[in-house]
J.: 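Please read through the structure below; I'll follow up with questions.
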Amino acid sequence: MSQYWRPEAVVVGWPFTLVGLDGLDALGKVIEKWIAHLLSAEVDIEPLIEASNVNLAWYVGLDAEASRIGDALWRDVELDEAARQQIVGLYRLFFRNPEVVLDKAKGEPIYLILAMTPERTLRMKPQNLVVGLPITHLEAVS
């Protein structure tokens, strides 16, 4: 049986790494495709190295740790260094068609946060995109 990837080369359980902007950009492109396929919404996702003084009108935590961090930021709680070190990826998402966005998030970037556990494990939950993005046509389904 042939192997498509060596288990010892896998980072966070995927056969590619999230090192640097190239890795984050690649994951952002995958997320764009998931959203288009699952939600029929076209988006542009930009990986960020850092963000300060942003209007956090809407965010989606892509895992439990990221949701915890995003909740703290939403409440204007200053993150400690340990929480900042857990952030693996930060993205800014824009909908190509603003008409599909809920009014409270319309015209604002949506931030996506990806974080690892304190044990340095990444448990991304793509379903958070389905239930967490401010898309109007999801209201009819919810």
J.: CZ of R123 to CG of L62: how many Å apart, nearest 0.5 Å?
T.: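 One finds 15.5 Å between CZ of R123 and CG of L62.
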J.: Kindly determine whether D44 and R96 satisfy side chain to side chain contact (heavy atoms under 4.5 Å, CB included), including the steps that lead there.
T.: CA-CA 7 Å; D44 292 309; R96 291 184 190 165; 2.9 Å; yes
J.: Per the salt bridge (charged side-chain N to carboxylate O under 4.0 Å, His left out) rule, what does the pair list look like for residues 86-95, sequence neighbours excluded?
T.: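 For residues 86-95, and leaving out neighbouring residues, the salt bridge (charged side-chain N to carboxylate O under 4.0 Å, His left out) pairs sorted by first residue read E46-R92.
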J.: Whether the side chain of W34 engages the backbone of V130 through a donor-acceptor N/O pair (distance < 3.5 Å, no angle test) should be reported.
T.: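 Side chain of W34 to backbone of V130: no pair is present.
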J.: Less than 4.5 Å apart, any side-chain heavy atom of M124 and any of V88?
T.: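 They are not in contact (no side-chain heavy atoms under 4.5 Å apart), so the answer is no.
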J.: When you measure from the side chain of R75 to the backbone of D71, do you find a donor-acceptor pair of N or O atoms at a distance under 3.5 Å?
T.: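 Yes, because the side chain of R75 sits within donor-acceptor range (under 3.5 Å) of the backbone of D71.
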J.: Using distance alone, with no hydrogens and no angle criterion, decide if T121 and E119 have a side-chain donor and acceptor under 3.5 Å apart.
T.: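 Note: T121 and E119 side chains miss the donor-acceptor criterion.
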J.: Report yes if some heavy atom in the side chain of V100 is under 4.5 Å from a heavy atom in the side chain of L39; otherwise report no.
T.: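 The answer is no; the side chains never approach within 4.5 Å.
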J.: Please confirm whether the backbone N or O of A115 pairs with a side-chain atom of D63, one donor and one acceptor, at under 3.5 Å?
T.: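 Yes, the answer is positive, given that a donor and an acceptor are paired below the 3.5 Å cut-off.
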J.: List, one per line, each side-chain donor-acceptor pair under 3.5 Å for residues 101-114, sequence neighbours excluded.
T.:
residue	atom	partner	partner atom	Å
E108	OE1	N55	ND2	3.2
E108	OE2	N55	ND2	3.4

J.: Using 0.5 Å steps for rounding, measure from the CD1 atom of I35 to the OG atom of S40.
T.: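 It is 11.5 Å, given to the nearest 0.5 Å.
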J.: If you look at every heavy atom in I69 and A83, which pair is closest and at what distance?
T.: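 Heavy-atom minimum between the residues: CD1-O, 3.6 Å.
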J.: Side chain to side chain contact (heavy atoms under 4.5 Å, CB included) between L133 and V43: does it pass, once the steps are laid out?
T.: CA-CA 11 Å; L133 288 173; V43 298; 5.8 Å; no
J.: Out of curiosity, does V30 fall in the hydrophobic cluster containing L122 (side-chain heavy atoms, cut-off under 4.5 Å, transitive links)?
T.: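 They do share one cluster, since a chain of ILVMFWY contacts under 4.5 Å joins L122 to V30.
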J.: State, to 0.1 Å, how close P47 and L24 come at their nearest heavy-atom pair, and which atoms those are.
T.: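 Heavy atoms of P47 and L24 come nearest at CB-CB, 3.9 Å.
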J.: Going by the rule side-chain hydrogen bond (donor to acceptor under 3.5 Å, both in side chains), which residues pair with E81 if we only count those two or more places apart in sequence or in a different chain?
T.: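 side-chain hydrogen bond (donor to acceptor under 3.5 Å, both in side chains) list for E81, sorted by chain: R84, Q85.
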J.: Any chain of hydrophobic side-chain contacts (each under 4.5 Å) joining W58 to L38?
T.: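 Yes: a chain of side-chain contacts under 4.5 Å links W58 to L38.
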J.: Ignoring hydrogens, what is the shortest heavy-atom contact between G132 and V60? Give both atom names and the distance.
T.: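 Shortest heavy-atom contact: O-CG2, 3.5 Å.
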J.: At their closest point, which heavy atom of K125 faces which heavy atom of A64, and how far apart are they?
T.: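 Heavy atoms only, the tightest pair is CD-N, 4.3 Å.
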J.: Looking at CZ of R68 and CG of L73, how far apart are the two atoms once the value is rounded to the nearest 0.5 Å?
T.: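 CG of L73 is found 10.0 Å from CZ of R68.
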J.: Please report the shortest heavy-atom distance between A66 and Y59, naming the atom on each side.
T.: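 In terms of heavy atoms, the two residues are closest at O-CE1, 4.5 Å.
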J.: As an exercise, state the distance from NZ of K29 to CD1 of I45, rounded to the nearest 0.5 Å.
T.: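 Between K29 NZ and I45 CD1, I get 8.5 Å after rounding to 0.5 Å.
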